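Since the structure comes first, as structure tokens, the remarks are kept for the end.
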2 protein chains.
Amino acid sequence: MTVLRSALKSAPASTAGELPATSRGATRDKVDAAVRAGLQTGRFVPGKSVTIRGLAAELGVSPMPVREVLQRLAAENALEVKPNGRVQVPDMTPDRFEEVLKARLLLEPELAEFALAHLSPAHARELEAIDDEIDRCIITGDAEAYMRLNHAFHFLIYRASASRVLLPLIESLWLQFAPFMRTVYGRVGTAILEDRHKEAIRAVELQDATALRAAIHADIAEGMGLLGKEILSA
Amino acid sequence: MTVLRSALKSAPASTAGELPATSRGATRDKVDAAVRAGLQTGRFVPGKSVTIRGLAAELGVSPMPVREVLQRLAAENALEVKPNGRVQVPDMTPDRFEEVLKARLLLEPELAEFALAHLSPAHARELEAIDDEIDRCIITGDAEAYMRLNHAFHFLIYRASASRVLLPLIESLWLQFAPFMRTVYGRVGTAILEDRHKEAIRAVELQDATALRAAIHADIAEGMGLLGKEILSA
DNA sequence: GGTGTCGATTTGTGATCACAAAATGGCATG
DNA sequence: CATGCCATTTTGTGATCACAAATCGACACC
């Protein structure tokens, strides 16, 4: 039996040609990264139902790691398990949107200020590079790249805090509103986008906590407030 | 094969005598509830390693639902998956403690105020009943019951908000500090405990948002601030 | 007596399977 | 032509298995 199973297992592995680098939990990490990226970039749209077998086949893995990843993301409220067990990307509602906005305004300026002491001039230059790319994406209308870069900008700041509590909470929030924002950008385009990134960068350079808080707060309030009105018309 | 497996499956079921009521995901829910309760009541202590097979055997289920539950709780930062895949209850550090405290002070007064409009005089009476029991627990020194009731008190308020965003974040926070608090109570006893529950109840009765915020804020700051110093001596 | 090494055991991981519930679709009936 | 019903398919769930990595323990060697 053992030999037989080994033969079956090595067969698809040889076709894929990726025998090595199978460290602990590699498959699960791969699936996790794929789904998270899909949520952030809009591959998964609110209301879209995600099936275990479907994702497993798409990624060329067994249903097992997919099940665990879906459970994880459901626990983070990035996905929703319906009473019949089906998993889907939650729809956005006005109430939910307002709550996410409120939570972001409470937590993100706080963590940004906490991270400020760990942000060097080198970080400021990295932020500028990202922001330049963001400006390009707004012009070209590349909503997917915009979302990826905007995420990179904010989390370059937040991650500097080395937080193990606030940071996961904020990541959960981003996963909750990202799919919805993606659909909004798809509808209204990216031309109207404005941000307070340059103010934030200046605050980092000057190590000005108050200014950084204000920049992050305004960036969130304006960015989400601007597009939040869209959900009333939908 | 099918018949053979059915025989194998029905055998242990008949010994346990619980054929019915096997609705969707019942086993997983049972495991989930068991582990959550264990974390809240101190059955699981920081540093304690939790094994899949161990828990599965203890609860009389297969390793499968346990794996998913552990993944979920790890996603909520209630458990920690070490690089070798082992799962354990995270240790508390001064940094982590301070961050949890900060996050609670930001989120819980906010959600309490948001819930206030949904809190009726009947709720106030429920809160009073819980608080009476809490006072008894403080006297008798029943730390486990105290923690369960304190959780019930706060979440009776928070749950009234019908929040789908802030509430899960706060639940995650409680799961993070509960195991640690349990060990602290075990060391210093419950006699020194004080709370602002009566102020909170009065605020609910009067529908006074400012007073409720203040009561919740003070309850958290004093309750955790009082015991947080313990981690410096450990 | 301390230490390194090798074997046995424990444990997480990924895969496959059998089953039940739900969803889907076609078909017959009103 | 609409509608209710039934067979088929899809899908989630729980269980078991084979394997690999890690941990633990004993024994020999220095």
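Numbered from 1 within each chain, the chains take letters A, B, ... in sequence-line order. Only a predicted model underlies this, so the values are computations on that prediction, with no experimental measurement involved.
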| query | Between A:Trp174 and A:Phe177, what is the ring plane arrangement, given parallel below 30°, perpendicular above 60°, and tilted in between? | reply | tilted
Each nucleotide N or O in nucleotides 9-13 of chain C that has a protein N or O under 3.5 Å away: list the pair and distance.
residue, atom, partner, partner atom, Å
C:dG12, OP1, B:Ile52, N, 3.4
C:dG12, OP2, B:Ile52, N, 3.1
C:dG12, O4', A:Arg24, NH2, 2.7
C:dG12, N7, B:Arg53, NH1, 2.5
C:dG12, O6, B:Arg53, NH2, 3.1
C:dT13, OP1, A:Arg28, NH2, 2.4

Separation of D:dA18 atom P from A:Met64 atom CE, nearest Å, is 15 Å
Taking B:Ser161 for the side chain and B:Ala115 for the main chain, is one N or O donor matched with an acceptor at less than 3.5 Å?
no
**Whether A:Glu99 side chain and B:Arg164 backbone form a donor-acceptor pair below 3.5 Å** = yes
A:Lys102 to B:Phe114, cation-pi by 6.0 Å centre distance and 45° axis angle: yes
Atom NZ of A:Lys82 and atom P of D:dT11 are separated, to the nearest Å, by 15 Å
Next on the checklist: Can you see if the side chain of A:Ser62 gets near the phosphate of C:dA15 - specifically, an N or O under 4.0 Å from OP1 or OP2?
Outcome noted: yes
| task | Classify the side-chain pair A:Gln176/A:Arg96 by whether it contains a donor and acceptor separated by less than 3.5 Å. | result | yes
